[in-house]
2 protein chains.
Amino acid sequence: MARQDKSTAALSKGEQTRAGIVDCAKRLFYEHGYDGTSFTDIVEASGLYRGNIYHYFKTKDDILQAVIDQHLAEFGALLEMWEQQHKEPKARLLAFLNMITGRKLELVQYGCPIGSLNTELGKDRRDLQEAARALFDLFRDWLAARFTELGHGDDAESLALHLLGRAQGIAVIAHVYHDQKLLKRETAQLQSWIEAQ
Amino acid sequence: MARQDKSTAALSKGEQTRAGIVDCAKRLFYEHGYDGTSFTDIVEASGLYRGNIYHYFKTKDDILQAVIDQHLAEFGALLEMWEQQHKEPKARLLAFLNMITGRKLELVQYGCPIGSLNTELGKDRRDLQEAARALFDLFRDWLAARFTELGHGDDAESLALHLLGRAQGIAVIAHVYHDQKLLKRETAQLQSWIEAQ
DNA sequence: ACAATAATAGGACGATTATCCAATCCGGTA
DNA sequence: TACCGGATTGGATAATCGTCCTATTATTGT
């Protein structure tokens with residue numbers, strides 16, 4: 001039988017293993033940081049043997065890139081879904097806020113996956129941070145498009161970055177103090193801000 | 001001669017060395033992160049020999065605690081200075097903002113020293129993050145006192161945390177995008193917010 | 001000047017790190 | 001059935017990590 005179409009086919013054994021590695025790495029990088037996650041950690045979490053992982057990824061950096069790509073795909077799908085679920089620009093922006101409150105448990109425990117990753121990589125690994133920055137770009141552009149829909153022109157991107165920054169700040173403080181109430185209170189303020197735009 | 005009063009005396013040789021270690025570690029932890037800084041890095045930056053540093057600090061965690069203490073002392077002195085320089089609560093709050101804009105170069109390059117440290121330690125090292133959280137407490141309490149001066153009651157602490165979070169968010173985004181203009185623009189907005197309180 | 005203490009010098013430790021490699025296995029194709 | 005390439009196994013690598021010793025040399029208070 002000829003090889004099935006990649007987009008619809010069930011994943012082959014190797015593709016499953018590869019996806020499993022990326023899933024485990026994504027979780028570990030989030031919970032323990034990139035540097036705080038060792039190759040051994042990923043191998044053990046994936047239930048593999050040491051050498052096997054090198055069949056799929058040559059370096060740890062390659063795994064990070066795959067994790068970033070997976071994040072991009074998942075968040076991209078989210079954004080697309082919000083656009084289909086809500087037609088009003090403000091409703092779409094509120095969906096962004098709902099994601100934050102909906103993930104308050106993880107946010108309070110581990111911080112923002114995107115923000116903490118960029119903060120860590122921005123210290124020493126400029127090359128990797130540039131790749132991770134794409135995650136911010138994704139949200140920035142999507143949010144800016146919503147502000148454009150609301151009639152904003154040149155300041156749409158500034159508003160998007162303002163909103164992103166507010167969200168990041170909330171995540172940092174909520175994480176530092178493990179405070180869900182603060183997260184709820186601050187996102188409620190942000191909701192008022194959105195409705196006023 | 002009796003030992004000089006510690007607070008006024010010139011530092012002894014050992015105290016100088018110790019202070020030098022803390023200074024180097026403070027800079028390295030900021031620029032490369034806690035995990036990204038090795039014992040060897042600190043030793044080399046301090047111009048010491050491997051074993052010698054253990055005469056001053058038993059573990060790397062001890063060094064971190066000393067770095068946090070130094071941060072606390074320095075920022076505490078800053079806060080005290082602002083209280084002496086400005087008598088109006090809002091002027092004191094604006095001094096906080098001036099610190100941010102005054103340090104824009106480092107902030108854009110390495111992020112907020114307090115925020116990034118807490119974010120990193122919050123991932124895996126809860127015990128250490130609790131110590132680092134004291135830096136946030138310092139600012140939170142000081143800012144809350146200023147809002148109390150402005151006539152706010154129960155919400156003084158919430159306002160302080162809001163301001164802290166806004167500042168953190170600005171630092172994160174400005175760092176991710178290496179964007180000084182964004183930092184200026186956002187702090188200007190924060191200035192308007194302060195003046196409206 | 002002397003005894004006690006502090007500081008320096010330099011090597012060594014086991015554990016862990018990312019990375020790599022050869023040998024074996026297995027499933028689909030010829 | 002024989003075969004071939006991807007997948008698995010399991011160990012080995014050199015480098016680096018934080019930590020710890022033991023001498024030897026300065027500095028200190030008396």
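For clarity, every value in this text was computed on a predicted model and none was experimentally measured. Residue numbering restarts at 1 for every chain, and letters A, B, ... go by the order of the sequence lines. Below, all heavy atoms of this structure are taken into account, side chains as well, without hydrogens, waters or symmetry copies.
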Protein-nucleotide distance (B:H32, atom NE2; D:dC17, atom P), rounded to Å: 13 Å
With B:E83 via side-chain contact (heavy atoms from CB on, under 4.5 Å) - residues at least two apart: B:R92, B:W142, B:R146
Non-neighbouring partners of A:D124 that pass salt bridge (Lys or Arg N to Asp or Glu O under 4.0 Å), sequence neighbours left out: none
Of all pairs that satisfy ring-ring contact (aromatic ring centres under 6.0 Å, His included), the ones with a partner from residues 88-134 of chain B, not counting sequence neighbours: B:Y30-B:Y110, B:F96-B:F139
For atom OH of A:Y56 and atom C1' of D:dT8, their distance in whole Å: 8 Å
Contacts of A:D23 that satisfy salt bridge (Lys or Arg N to Asp or Glu O under 4.0 Å) - sequence neighbours left out: none
Residue pairs, two or more places apart or on separate chains, that pass salt bridge (Lys or Arg N to Asp or Glu O under 4.0 Å) and touch residues 54-81 of chain B: B:K26-B:E74, B:D61-B:R125
Distance-only donor-acceptor check, side chains A:D155 and A:S158, under 3.5 Å: no
Those residues that, when tested against B:R140, pass salt bridge (Lys or Arg N to Asp or Glu O under 4.0 Å) (two or more places apart): B:D137
Salt bridge (Lys or Arg N to Asp or Glu O under 4.0 Å) partners of B:R27, counting only residues at least two apart: B:E31
B/S/- contact track for nucleotides 10-23 of chain C, protein heavy atom under 4.0 Å: BBB----SBBBB--
Partner residues of B:A91 under the side-chain contact (heavy atoms from CB on, under 4.5 Å) criterion, sequence neighbours left out: B:H86, B:E88
Separation of D:dG18 C1' from B:L128 CG (nearest whole Å): 14 Å
Inter-axis angle, terminal five-pair segments of the helix from C:dA1-D:dT30 to C:dA12-D:dT19 [nearest 10°]: 30°
Between the first and last five pairs of the helix from C:dG14-D:dC17 to C:dA30-D:dT1, the angle of the axes, rounded to 10 degrees: 20°
Residue pairs fulfilling ring-ring contact (aromatic ring centres under 6.0 Å, His included) with at least one residue in residues 159-192 of chain B, sequence neighbours excluded: B:H162-B:W193
